[in-house]
Amino acid sequence: MINLTNFAFRMDAQIQHVEFIGSFPKFKDLPESKFPEFCFWGRSNVGKSSLINYLCNRKEIAKVSSTPGKTQAFNQYLINNSWIMMDLPGYGYARISKDKKELWAQEIKRYLNGRQNLCLLFLLVDSSIEQQKIDIETINDLGEKNIPFYILFTKTDKSTKRKLSINKQKFENEVSQFWETLPPMFETSAEKAFGRDVVVSAINAILKSI
Ligand code: GDP
């Protein structure tokens with residue numbers, strides 16, 4: 001006999017349907033939406049495109065970067081006809097003009113301050129390197145803006161268990177200097193196809209609660 005509870009859970013933790021909504025160069029171009037929005041963001045090269053492709057179980061939903069920082073736009077996908085995945089351009093890419101950087105920082109600021117249906121932001125942090133100042137600054141900014149966010153550690157396959165644990169601990173220590181409570185943190189690896197269930201389950205749990 002089919003165990004309906006397990007079945008429902010497994011179906012729950014899947015992304016079955018992905019529809020590209022569009023790529024929008026400016027915040028003011030973003031269509032308003034009734035769907036709750038979950039945003040994915042992080043430093044350029046953190047593994048965001050790879051993670052999005054893995055979560056969606058598709059090869060090329062998001063372009064794995066050959067030229068990071070080149071195309072900067074708000075990319076949106078409607079998932080399972082029930083929520084929006086927002087793919088924000090990565091920050092911290094060095095080879096981009098100051099003007100362009102500034103323009104994008106403004107657009108992101110408008111988005112973070114003004115997106116009415118933004119439900120949760122997933123901030124991706126590369127677990128294979130030591131904590132980066134720019135990530136900590138971003139976290140502090142999100143906290144100050146009261147944006148709810150979770151941390152997704154990426155590329156967990158790249159380090160030994162010990163090194164991974166050290167990097168995570170250093171990161172937590174750094175964040176703890178500024179904040180009393182830490183956000184939920186999950187480990188992922190697009191390379192080893194690890195972490196999807198927990199991310200999609202977290203999204204589904206939030207969707208159920210609203
Ligand atoms: P983005 O710039 O944040 O979109 O990052 P990409 O998805 O383009 O990935 C940047 C680089 O990291 C690419 O060379 C990927 O192959 C690599 N990468 C991404 N995810 C993983 C992962 O889970 N494990 C490993 N080992 N490499 C990864």
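Since we're looking at a predicted model, the values are computed, not measured. Order of listing sets the numbers, starting from 1, for every ligand and every atom in it. Scope of the values below: all heavy atoms of this structure, side chains included, with no hydrogens, waters or symmetry mates.
Of the candidates T156, N45, D157, T188, it is D157 that places a heavy atom closest to atom 24 (N) of ligand 1.
Checked against the 6.0 Å centroid criterion, the rings of F38 and W83 qualify as a close aromatic pair. Taking the six-membered ring for Trp, F171 and F153 have ring centres closer than 6.0 Å.
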Can you list the steps and then say if W41 with T138 is a side-chain contact (heavy atoms from CB on, under 4.5 Å)? CA-CA 10 Å; W41 198 30; T138 304; 3.5 Å; yes
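Cluster annotation: F178 and I134 are assigned to the same hydrophobic cluster (Ile/Leu/Val/Met/Phe/Trp/Tyr, side-chain heavy-atom contacts under 4.5 Å, transitive).
Atoms of ligand 1 found under 4.0 Å from any heavy atom of G47 (numbered from 1 in listed order, with element): 1 (P), 3 (O), 5 (O), 6 (P), 7 (O), 9 (O), 19 (C). Atoms of ligand 1 lying under 4.0 Å from any heavy atom of A190, numbered from 1 in the order shown and given with element: 23 (O).
Geometrically, ligand 1 and S49 share a nitrogen or oxygen pair separated by less than 3.5 Å.
At a 4.0 Å cut-off, at least one heavy atom of S189 sits close enough to ligand 1 to count as contact.
With a heavy-atom cut-off of 4.0 Å, K158 touches ligand 1 through its side chain alone.
Side-chain contact between Q76 and E37 is present, with at least one heavy-atom pair separated by less than 4.5 Å.
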